[in-house]
Amino acid sequence: MTTPALPELPPRSLLAGDPHRPQYHFLPPANWMNDPNGLIEWRGEVHLFYQYNPHGAFHGTIHWGHAVSRDRVHWRDLPLALAPTPGGPDAEGCWSGCAVDDRGTPTLLYTGVSPQTVCRAIGSADLVHWTKPAGNPVIAGPPAWLRDLCSGDFRDPFIWPAGDGWRMVIASREENASGYVLLYRSPDLVEWAYEGVLLAGDAQATEPPSTGKIWECPNLLDFGDRQALIISTQNRPNELMYAFYQTGEVQGTAFQAGPPHILAHGAPGEALYAPQVTRLADGRYLLFGWLREGRSDAHCRAAGWSGVMSLPLLVALQPDGALTLEPDPALQQLRDRHWRFAGADLTDDEWVLPDASGASLEIAVTFMPGAGECGIRLCRAPGGEEYTEIAIDSDARQLVLRREHASLAPDVQTTPCIAPLAAASGPVTLHTFLDRSVIEVFAGEGRTLLTGRIYPTRADSLGVALFSRGGPAQLLSLDIWSLRSIW
């Protein structure tokens, strides 16, 4: 069976004038994008596939988009990879999955709907052309014991080589009970044997963080003597929460796991979601996640696009079992103009930085906080009518992204985005990436990532300022770079 006719991508010039479209985060030329899929390093290049609707900026008729990069920063659009096949097991959508190298043959394993099944596609040597072989689906549904309990949820295969074959994790659930990560084994990516429940959730647990009732997009990372599972969770259908992780040891067909931790923080319903990892040739784990919009569906449809990928992130396991996320150092090649400030006292006031401004910036700042709060304001209008505030709350030991003044538009999120900071006293460094409507803030040497979306309405909302509130603080160092477009 061959892949059905694939729509063409619109030109990137179509929406190039939109002031909210990011310049150094990946997103398709137009329309809807959600989960990253099929992330793989192939012959020295990284290929990123993604959930895509060619018919508009809304979820529906899901295809697989496709882009390639030589440096994990600059991207080149490739033709769409997968489209639903009328009458096939993916007739209602080609949902999330992964890519593997099957002894030199590029292979996609993905979710066909409806019902939710596992399907396979085979690629050409350049990964541009894909065919769906006879025999799909390769897994027709969840194991028999779960079939009548999971409300049809059985999706997002993640696969890795093991011995002389393959292993797979896939997400499911027991309705009104808990999420499951199921484990499968195969000698050839075609015949699959169910092995058991690798990890089950506890729908009653709320702290440390709730692991929800519906699990999606599992990723297994192997660090040798320890492993990590990253899972995305919902509380109820379409109530997307966040990605969380647990680290521990896979013993046979069970995961002896420590407590759950949120991978990246954000406002409810808006945090980084559905991340996918791949192992690079140098052994590092590369991750992309989906950054959702913080504005209304009607606004997205009118704009003609929805959904952005996170920065390329490197994942590492720390000795205490924590996962850390750091922006890929390859991003430094985008740095352009540089401003440096140091050695200032901040006393219950705002210091508007001279000259420094922009809508696409990288900012590395170190504060010595005092009592109260201190931080940085971005996208500041000259008179302060609009601005976005990133605050270190010393008393609550929190990092807070405040958006109540971030936009004059009536249909965008203003809920604060909050992440915990380590309890230790001393200097605090924030590494912030502003890309028009996207903010990603890294703190605690990669242990904290806070993401949010903003939509300034004024063309002159470009300024940068520092502030303290409720007590004095010190600025120890501040570096700001304007960043060039990846296109």
Side-chain angles (χ1 to χ4, degrees), residues 20 25 32-36 51 57-59 153 171 173 176 178-179 201-217 230-246 259-275 287-300 306-310 313 323 325 375 388-393 396-407 409-421 432 437-444 447-455:
H20 294 139
H25 286 73
W32 170 273
M33 180 187 74
N34 57 294
D35 304 3
Q51 298 278 276
F58 54 92
H59 187 273
D153 289 323
R173 64 157 169 158
N176 299 319
S178 64
D202 180 359
Q204 305 306 314
T206 58
E207 296 291 342
S210 167
T211 57
K213 297 180 180 179
I214 302 172
W215 285 4
E216 302 185 286
C217 305
I230 298 175
I231 300 163
S232 295
T233 185
Q234 303 179 30
N235 230 5
R236 54 184 59 88
N238 299 316
E239 187 184 297
L240 280 60
M241 295 169 63
Y242 40 68
F244 70 92
Y245 71 89
Q246 295 178 246
H261 302 275
I262 294 177
L263 183 70
H265 296 264
E270 197 187 335
L272 179 147
Y273 198 79
L287 178 148
F288 284 92
W290 169 35
L291 302 179
R292 290 166 283 162
E293 300 298 325
R295 53 188 176 177
S296 68
D297 290 342
H299 197 150
C300 292
S306 179
V308 179
M309 288 298 170
S310 71
L313 304 176
L323 290 185
L325 299 176
T388 297
E389 186 173 280
I390 303 169
I392 299 165
D393 185 332
R397 299 307 304 178
Q398 290 179 335
L399 180 64
V400 185
L401 175 65
R402 292 199 173 92
R403 301 180 291 178
E404 60 265 34
H405 303 290
S407 177
D411 63 344
V412 300
Q413 277 273 17
T414 59
T415 305
C417 306
I418 300 174
L421 285 174
T432 299
S437 64
V438 175
I439 293 181
E440 294 180 71
V441 187
F442 300 82
R447 291 173 180 264
T448 298
L449 170 57
L450 180 64
T451 67
R453 303 299 302 274
I454 60 170
Y455 305 91

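Distance check: Thr388 OG1 to Arg402 CZ gives 12.0 Å after rounding to the nearest 0.5 Å. Interatomic distance, Cys300 SG to Phe58 CZ, rounded to the nearest 0.5 Å: 12.0 Å. Going from atom CZ of Phe244 over to atom NE2 of His261 covers 11.0 Å, rounded to the nearest 0.5 Å. We find the CD1-NE2 distance between Ile418 and His265 to be 11.0 Å, quoted to the nearest 0.5 Å.
In plain terms, the two heavy atoms of Ser210 and Met241 that are nearest each other are OG-CE, 4.0 Å. Of all heavy-atom pairs spanning Leu272 and Thr451, the tightest one is N-OG1, 3.7 Å. Considering all non-hydrogen atoms of both residues, Ala267 and Cys417 come closest at N-SG, 3.6 Å. The nearest pair of heavy atoms linking Thr448 to Leu399 is CG2-CD2, 4.4 Å. Smallest separation of non-hydrogen atoms from Pro209 and Pro260: CD-O, 3.4 Å.
Side-chain atoms of Ile214 and Pro237, non-hydrogen and from C-beta on, do get closer than 4.5 Å to each other. Using a 4.5 Å heavy-atom cutoff, the side chains of Leu291 and Glu440 are in contact. A heavy-atom distance below 4.5 Å is not found between the side chains of Ile390 and Leu450. Proximity of Thr233 to Tyr242: side-chain heavy atoms (C-beta onward) are separated by under 4.5 Å at one or more points. Side-chain contact between Leu287 and Ile230 is present, with heavy atoms from C-beta onward closer than 4.5 Å. Residues Leu401 and Val441 are not in side-chain contact: their nearest non-hydrogen atoms beyond the backbone lie 4.5 Å or more apart. The shortest side-chain heavy-atom distance between Leu263 and Leu449 does not fall under the 4.5 Å cut-off. A heavy-atom distance below 4.5 Å is not found between the side chains of Ser232 and Leu240.
Here the side chain of Ser407 pairs no donor or acceptor atom with the backbone of Ile454 at under 3.5 angstrom. Between the side chain of Gln51 and the backbone N or O of Met33 there is no donor-acceptor pair closer than 3.5 Å. A donor-acceptor contact shorter than 3.5 Å is absent between the side chain of Tyr455 and the backbone of Val412.
For Gln234, the side chain to side chain donor-acceptor pair (under 3.5 Å) test picks out Glu216, with sequence neighbours left out. Under the side chain to side chain donor-acceptor pair (under 3.5 Å) criterion, Thr211 pairs with no residue, sequence neighbours left out. Evaluation of the salt bridge (Lys or Arg N to Asp or Glu O under 4.0 Å) rule for Arg447 yields Asp320 as partners, not counting sequence neighbours. For Arg292, there are no side chain to side chain donor-acceptor pair (under 3.5 Å) partners two or more places apart in sequence or in a different chain. Take Trp32 and apply the side chain to side chain donor-acceptor pair (under 3.5 Å) test, not counting sequence neighbours, and it matches Asn34.
Of the residues listed (Arg453, His20, Arg295, His25), the one engaging Ser437 in a side chain to side chain donor-acceptor pair (under 3.5 Å) is Arg453, and it is the only one.
More than 12 heavy atoms of other residues, nucleotides or ligands shown are found within 6.0 angstrom of CG on Asp411.
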Test side-chain contact (heavy atoms from CB on, under 4.5 Å) on Asp35 and Cys217 and set out the steps.
CA-CA 9 Å; Asp35 304 3; Cys217 305; 3.5 Å; yes
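Applying the salt bridge (Lys or Arg N to Asp or Glu O under 4.0 Å) test to every pair with at least one member in residues 264-273, sequence neighbours left out, gives these pairs: Glu270-Arg403.
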